[in-house]
There are 2 protein chains.
Amino acid sequence: MPTWGEKEFMQYLRDHRARVTPNRLTVFRAMQKSTKPLTVPDLAIEVEDTGLNTATLYRIMETLADLEIVHPVLQDHQSVAYELIEPFARHHDHMVCRQCGRTIDLYNCRLDEAVKSISDDSGFRVDFHQMEVHGLCPDCQTATRRP
Amino acid sequence: MPTWGEKEFMQYLRDHRARVTPNRLTVFRAMQKSTKPLTVPDLAIEVEDTGLNTATLYRIMETLADLEIVHPVLQDHQSVAYELIEPFARHHDHMVCRQCGRTIDLYNCRLDEAVKSISDDSGFRVDFHQMEVHGLCPDCQTATRRP
DNA sequence: TTCGCTGCAAACGGTTTGCACCGCG
DNA sequence: CGCGGTGCAAACCGTTTGCAGCGAA
């Protein structure tokens, strides 16, 4: 099943009593185009040509996060970045390499069953999960093997 | 199996060519005592009486994170907090309630099998994982049921 | 027509940095 | 005794805020 696009985004905003504006569309397009989570400064560069104000950018990201269109994630262990979440992007988790620092997206996490049992056991109703696994990526394993 | 304490902490530092200092012990004790992740400003208050400098605090947390003694986690969707990780604390994941905003620790996540299959499939060597499930906690479910 | 959204510019405060001194190993 | 760790204070810069004007619904 394909992820939601611009049209659904606009409808989603209206459904939640939030207005559809050129700025919000600009941000949504930039997020869709990106393959990695974006910080506000990242986005500022990305949408530079539109003249979109940085303060506005912060306010837009806060709104999109409240509406659960985007989701904040930790980047480089210190700054906050945002990424689209379901149904605006395919669900995925992250694998972070402790050596090279790269983050690799992990689709097909197959955690649904375990998460369901967590939900059943605890009584916590789960909307979605987000996982990070930390370790060594394949490249760094081979690089480390022979110093 | 119990988690590692002060003695092991000191040895761990030495093993990694990092020096054992009163400041680092102070921070370690504060982290052990706390039941929730702490930001640097949090810690600053916690160790106020020792006169530990804030800049030093930032440097200590960076060091402890590099040594994988602590682990940064996102707090309130915007600020970075730290918590001890295995073997200095029991492994646990987080359940974040979208209504009341509280974070509940989840022990016994039973994700090991799924994580192992991720490791096998991807070739990524996993040291540890960290998961957040988002949704509604039991309290907020009952509160929402009858408006 | 209304009220949410935006731009501008100033203020804020968490975080970083340079440097000299201290003290662990 | 050497070099990592620390305190101090200034600088930095990401983020927030107040307010007036604009425009989506």
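We name chains A, B, ... by the order of the sequence lines, and we start the count at 1 in each one. All values reported here derive from a predicted model rather than from experimental measurement.
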Respond yes when some side-chain nitrogen or oxygen of Y58(B) is under 4.0 Å from OP1 or OP2 of dT16(C), and no when none is. no

Considering heavy-atom distances to DNA chain D, does Q78(B) or I60(B) have its closest nucleotide positioned more toward the 5' end? I60(B)

Which of parallel (below 30°), tilted (30 to 60°) and perpendicular (above 60°) describes H134(A) and H77(A)? tilted

Within the modelled atom types, does a donor on one side and an acceptor on the other bring the side chain of R59(A) and the base of dG4(C) under 3.5 Å apart? no

What does A18(A) touch in the nucleic acid at a heavy-atom separation under 4.0 angstrom: a base, only the sugar-phosphate, or nothing? sugar-phosphate

Could you state the atom-to-atom distance from CG of L67(A) to P of dG4(C) in whole Å? 14 Å

Strictly below 4.0 Å: does N53(B) bring a side-chain N or O up to OP1 or OP2 of dG5(D)? no

Please determine whether a side-chain nitrogen of the Lys or Arg among D121(A) and R110(B) lies less than 4.0 Å from a carboxylate oxygen of the Asp or Glu. yes

Could you tell me how far apart L25(B) (CG) and dG5(D) (P) are, to the nearest whole angstrom? 13 Å

Contacts of L57(A) and R14(B) projected onto DNA chain C by closest heavy atom; the upstream (5') one is L57(A)

In Å and rounded to the nearest 0.5 Å, what is the CG to CE distance from L111(A) to M131(B)? 6.0 Å

Do any side-chain nitrogens or oxygens of T21(A) fall under 4.0 Å of OP1 or OP2 in dT6(C)? yes

Return the angle between end axes of the helix from dT1(C)-dA25(D) to dG25(C)-dC1(D), with five pairs used per end and rounding to 10°. 60°

Measuring from the side chain of P22(B) (C-beta onward, heavy atoms only), which nucleotide among dT15(C), dC24(C), dC5(C) has the closest atom? dC24(C)

In whole Å, I'd like the distance from the CD1 atom of I45(B) to the C1' atom of dG13(C). 14 Å

Please round to the nearest 0.5 Å and tell me the distance separating atom OH of Y82(B) and atom CG of D42(B). 12.0 Å

For the pair made of NE2 in H16(B) and C1' in dG4(D), what is the distance, rounded to whole Å? 17 Å

Round to a whole Å and report the spacing from CG of D66(A) to C1' of dC5(C). 15 Å

Classify the nucleic acid contact of R17(A) as base, sugar-phosphate or nothing, counting any heavy atom under 4.0 Å across all strands shown. nothing

Within this structure, what is the CE-to-C1' distance between M61(B) and dG14(C), rounded to whole angstrom? 15 Å

The reported gap from OH in Y58(B) to OG1 in T63(B) (rounded to nearest 0.5 angstrom) is 14.5 Å

Hey, could you give me the CG/CD distance between L38(A) and E83(A), rounded to the nearest 0.5 Å? 9.5 Å

Ignoring the backbone of R19(B), work out which of dA24(D), dT16(D), dC24(C) is nearest its side chain. dC24(C)

Please tell me whether Y107(A) and H91(A) form a close aromatic pair, meaning their ring centres lie under 6.0 Å apart. no

May I have the distance from D76(A) (atom CG) to dG14(D) (atom P), rounded to whole angstrom? 13 Å

Among the nucleotides dA9(C), dT6(D), dG14(D), which one has an atom lying closest to any side-chain atom of R24(B)? dT6(D)

Judged by modelled atom types alone, do H16(A) and Q11(A) share a side-chain donor-acceptor pair under 3.5 Å? no

Given dG7(D), is OP1 or OP2 found less than 4.0 Å from the side-chain N or O atoms of N23(B)? yes

Interatomic distance where CD belongs to Q11(A) and P belongs to dA25(D) [whole Å]: 10 Å

